[in-house]
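Structure record follows, encoded as structure tokens.
The analysis underlying the following values was restricted to heavy atoms, covering all of them including side chains, and did not include hydrogens, waters or symmetry mates. First the proteins, then the strands, lettered A, B, ... as listed; each starts at 1. From a predicted model like this one, the values you see are computed outputs, not experimental measurements.
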Amino acid sequence: MFPNFHLPDAPFLISNAMTELERIRHSAAHVLATAILKIWPEAQFAAGPPVEQGFYYDVDLPHRITPDDFEKIEAEMKKEIKANHVFERVEISRAEALAMAERGELAALSPRGVPSKFKLDILQGIPDGEAITLYRNGEFTDLCAGPHVLRTGNIGAFKLTHVAASYYKGDERNPQLQRIYGTAFKNKTEMEAHFALIEEAKKRDHRKLGREMELFHFDDDVGPGLPLWLPNGTVLVEELEKLAKETEFAAGYDRVRTPHLARENMYLTSGHLPYYAESMYPPMDFQESGEEGAKSEKYYLKAMNCPHHHKLFGAVPRSYRDLPLRFAEYGTCYRYEQSGELFGLMRVRSMQMNDAHLYCTEEQFEAEFNAVNQMYLRYFQIFGIQKYVMRFSTHDPAKLGEKFVNDPVLWKKTEDMVRGVLQRSGINYVEIPNEAAFYGPKIDVQVWSAIGREFTIATNQVDFAVPARFGLKYKTRDNTEATPLCIHRAPLGTHERFIGFLIEHYAGNFPLWLAPEQVRVVTIGDDAALVESGQALVTELRSHGVRAKGDFGTDPIKAKIADAEHRRVHTMLVLGNRDLEAGAVSVRLHGKGNLGAKPRAEVVAGILESIRTRAA
RNA sequence: GCCAAUGUAGCUCAGUGGUAGAGCAGCGGUUUCGUAAACCGCAGGCCACGGGUUCGAACCCCGUCAUUGGCUCCA
């Protein structure tokens, strides 16, 4: 018996409705296990499912498998595939299965006298009445719900890709296993296409483009996860803030500003301490000596803006006439994320959040929540974001008073309202129980990075608990006091993650309104008349706020164009003697080539219009 | 935080124990040219950091830091 496994909330499940590709990959996982056992007979296996990019198998083995071992393992796998063993399905009784697991015959080539500890544990988690099946390929037998391909030879092409650590059943209290990742396809051509796609995706990786385009920088002396914005990146930051400010102003928000830190006491009130302390930077601890002796004072960098905003709500007596009250701030927050979690701009330790807190009555809630959702959709339209999922997280009634605030009535009411808003506005969403914030249900918007990692890019949360902890009140129409509901929302997420996402979304080719260098005026040669005319054009554009530069040097036009293209300048305006005589300028768009000569006034007007409308 | 890999010029990378290299970018010249790269030259490095082994270390060993791939966690 393996002691004390911590079980996840959802049971281990392998769907029976697998696609052919998934069956190939799932089968490849079994072949991988077979190969590992041939080399290291003592290996113990946990789970080996197909995943989006391929498959993995979790193995417990004293030998540390490194990529250097792949060749050896792949050679054994090839033998199994060449042998073309049948994947044989056997249905057996629970008692038989348990006995086999005790004898160590599951995920094994032959009995080995040591129980198949993980398989035994998995078996015990299978509900009574469910069929228990084994799959055999050659000498290898595994507990498995299937399905598989017919024969090992049906695995047309495969490759081991990397090793990683994982905890058994994803719980860090469980033993750590080695996860061997690989991928498999019907044939070699499809596999090569897959690797080519990955290479393409890497070119869009925001970390690579961020360096190339001089958008941001990380520095050892500043610290891990603390991005510095270079001038080009700062343009993106400020354009987003401009968009947010315009949008929020139009939607009736008020802007506020709050400091980056606060005393310990505020986070005790908010409930973030001690439960959240691990994801906060350690406090600044002051020893202030006064007449009554030394006194310790702790200040924390803020991990979220809500407590500060709540304090602003409470700073002035509020009436129902003031509601809804909407406080917006691009607040800078600091979270001490675990070192292994940091990932370029997508997961950082200092971040500026497109935050706002909306305080309203229960009657106003639905309209407010709906307006917030409409704001999301408008943003996504501007950016042309189509591949996203709205994830509606609800509470689990069994965990009231533990993981969730114990107020079943308000949970039901707010969840129904949120669901209603989602349904009536025709937004696609998935509902996920047990994932709500402790203070209320929430909607997260999930997107994927170029290399396929999933991120929450925006969040919209209902809070019916924390305002009460802060004693927030407003005078009702009948002169009693009531506590407002609060909506936390960040449709543009944080600058860091949102810009990281946008870099990949646009593959660095930003629309004109966002492009760090919007226009470059390029002269053909450096004749005095050309330079003068080019400089006048740059000056005119800059006077309208356009980020324009001139390249009036002696380099050949080809070289100047190549430079501007490499730097992803959105619009290149080429000025030669021919254009000068015609009062024209020839327009070239990044990645789109030469559009030909046009009157200067028309070109300038077009640029201004495109920026004004934030055209795609 | 955990497991593993990686760390050489601003960037991309060569360099397996014997005087640190290339391309691009940068700088200086020459070139005066119609839409993705003209030519010549120059400069640039505590080989992440700290210890060790060795006559000698970018290279071998140990530790630290950072990054990357995953696991847990999240905007």
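- Taking atom C1' on both B/G7 and B/A14, the two are 15 Å apart, rounded to the nearest angstrom.
- For the OP1/OP2 pair of B/C3 and a distance below 4.0 Å, the side-chain nitrogens and oxygens of A/R64 include no atom meeting the criterion.
- Here the C1' atom of nucleotide B/G1 and the CZ atom of A/R173 are 15 Å apart, to the nearest Å.
- In this entry B/C11 has B/G23 as its Watson-Crick or G-U wobble partner, both defining distances falling under 3.5 Å.
- Within 4.0 Å of A/R207, counting heavy atoms only, lie sugar-phosphate atoms of the nucleic acid but no base atom.
- The aromatic rings of A/H505 and A/F501 lie parallel to each other, with less than 30° between the two planes, well short of the 60° mark.
- Base engagement by A/R588 is indicated by at least one non-hydrogen atom pair under 4.0 Å involving a base atom.
- OP1 or OP2 of B/G1 has not a single side-chain nitrogen or oxygen of A/Q176 nearer than 4.0 Å.
- Shown here is A/R378, whose CZ atom has no more than 12 heavy atoms of other residues, nucleotides or ligands within 6.0 Å.
- Whole-Å rounding puts the A/H63 NE2 to B/A4 P distance at 11 Å.
- Residue-level contact check: A/V522 touches neither bases nor backbone, having no heavy atom under 4.0 Å from any strand.
- Within the structure, a side-chain polar atom (N or O) of A/S339 is placed less than 4.0 Å from OP1 or OP2 of B/G1.
- OP1 and OP2 of B/C73 both lie 4.0 Å or more from every side-chain N or O belonging to A/R335.
- Under the 30°/60° scheme for interplanar angles, the aromatic rings of A/F216 and A/F218 are found to stand perpendicular.
- Counting to the nearest Å, the P atom of B/G70 and the CD1 atom of A/I198 are 10 Å from each other.
- Judged by Watson-Crick or G-U wobble contacts below 3.5 Å, the nucleotide B/U54 has no partner.
- With P as the reference atom, B/C24 and B/A37 are 13 Å apart, rounded to whole Å.
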